[in-house]
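We're numbering straight along the sequence, starting at 1.
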Amino acid sequence: MSQAAFFHQDSQAVRFWVHVEGQVVGASIRREILHHRYRPDAKDEDPLETYRTYAVAIDEAVRRRVALGSIEPVMLREFDLREI
């Protein structure tokens, strides 16, 4: 079992783990990216709550990056969260 997602204050990013083809891959997404992509009109939202709300889509973005050759840790960018 992997560790639970958490907000890392120093990097201002949510750090989390995704199961990809039988392996656990570490990943992160910055607070600003979560805000701009998912809650642009919100004020003082909790980035960990936003991650949890959209975890399925975010985890799929990690899987796409790994399939394209990214190695751990995968750092998601706004482009990675585009609609497919």
Side-chain angles (χ1 to χ4, degrees):
M1 174 167 278
S2 60
Q3 181 177 343
F6 67 97
F7 183 70
H8 184 256
Q9 191 69 34
D10 290 342
S11 66
Q12 290 292 293
V14 174
R15 295 187 179 180
F16 59 99
W17 292 262
V18 179
H19 290 275
V20 180
E21 296 181 8
Q23 295 193 9
V24 178
V25 175
S28 65
I29 184 168
R30 290 188 46 85
R31 171 193 293 246
E32 294 85 359
I33 294 170
L34 287 166
H35 171 77
H36 290 295
R37 174 63 178 96
Y38 295 112
R39 296 192 172 158
D41 298 327
K43 301 283 187 233
D44 300 320
E45 74 271 18
D46 177 359
L48 192 54
E49 179 183 320
T50 302
Y51 164 76
R52 287 180 182 138
T53 300
Y54 297 97
V56 171
I58 294 167
D59 290 358
E60 280 304 313
V62 171
R63 289 185 187 97
R64 284 193 303 273
R65 287 279 307 274
V66 170
L68 292 171
S70 290
I71 59 171
E72 186 175 22
V74 176
M75 292 172 268
L76 292 179
R77 304 158 301 180
E78 199 163 353
F79 177 80
D80 299 320
L81 301 173
R82 70 197 181 285
E83 296 293 324
I84 305 245

Peer 1: Got a second to check how far D44's CG is from H35's NE2, nearest 0.5 Å?
Peer 2: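 Here the rounded value is 10.0 Å.
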Peer 1: Does anything in residues 13-24 pair up under salt bridge (Lys or Arg N to Asp or Glu O under 4.0 Å), and if so which pairs, sequence neighbours excluded?
Peer 2: none
Peer 1: Which atom names give the shortest non-hydrogen contact between L81 and A61, and what distance separates them?
Peer 2: CD2-CB, 3.8 Å
Peer 1: Once you round to the nearest 0.5 Å, how far does CG of L34 lie from CD of Q12?
Peer 2: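 These two atoms lie 11.5 Å from each other.
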Peer 1: Is there a side-chain contact between I58 and L76 (heavy atoms, below 4.5 Å)?
Peer 2: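 SC-SC contact between I58 and L76 confirmed.
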Peer 1: Quick one: list whatever passes side-chain hydrogen bond (donor to acceptor under 3.5 Å, both in side chains) with S28, sequence neighbours left out.
Peer 2: none
Peer 1: Identify the heavy atoms of W17 and A4 that sit nearest to each other, and give their distance.
Peer 2: CZ3-O, 3.6 Å
Peer 1: Do Y51 and D59 have side-chain N/O donor and acceptor atoms under 3.5 Å apart?
Peer 2: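 D59 and Y51 do have a side-chain donor-acceptor pair below 3.5 Å.
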Peer 1: Shortest non-hydrogen contact from T53 to R39?
Peer 2: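 Distance-wise, the nearest heavy atoms are OG1-NH2, 3.5 Å.
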Peer 1: About how many Å separate CZ of R37 and CZ of R82, when rounded to the nearest 0.5 Å?
Peer 2: 11.0 Å
Peer 1: Looking at residues at least two apart in the chain, or sitting in another chain, which of them share a side-chain hydrogen bond (donor to acceptor under 3.5 Å, both in side chains) with R52?
Peer 2: none
Peer 1: Kindly write out the residues that satisfy salt bridge (charged side-chain N to carboxylate O under 4.0 Å, His left out) with R31, not counting sequence neighbours, or none if the list is empty.
Peer 2: none
Peer 1: E45: what forms a salt bridge (charged side-chain N to carboxylate O under 4.0 Å, His left out) with it, not counting sequence neighbours?
Peer 2: none
Peer 1: Any pair with a residue in residues 53-73 that passes ring-ring contact (aromatic ring centres under 6.0 Å, His included), sequence neighbours left out, goes on the list, sorted by first then second residue, please.
Peer 2: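 Found Y38-Y54.
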Peer 1: Who passes side-chain hydrogen bond (donor to acceptor under 3.5 Å, both in side chains) against E60, sequence neighbours left out?
Peer 2: R63
Peer 1: Out of curiosity, I29 CD1 to D80 CG, how far, rounded to the nearest 0.5 Å?
Peer 2: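 One gets 8.0 Å once the value is rounded to the nearest 0.5 Å.
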Peer 1: What residues form a side-chain contact (heavy atoms from CB on, under 4.5 Å) with Q23, not counting sequence neighbours?
Peer 2: none
Peer 1: Taking salt bridge (charged side-chain N to carboxylate O under 4.0 Å, His left out) as the definition, give me every residue that meets it alongside E72, ordered by chain and number, with sequence neighbours left out.
Peer 2: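 Salt bridge (charged side-chain N to carboxylate O under 4.0 Å, His left out) check on E72 returns nothing, list empty.
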Peer 1: What distance do T50 atom OG1 and F7 atom CZ have between them, rounded to the nearest 0.5 Å?
Peer 2: 10.5 Å
Peer 1: Roughly how far apart are R30 CZ and M75 CE, rounded to 0.5 Å?
Peer 2: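 Taking CZ in R30 and CE in M75, the distance rounds to 11.0 Å.
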Peer 1: With sequence neighbours excluded, tell me which residues meet side-chain hydrogen bond (donor to acceptor under 3.5 Å, both in side chains) with E78.
Peer 2: none
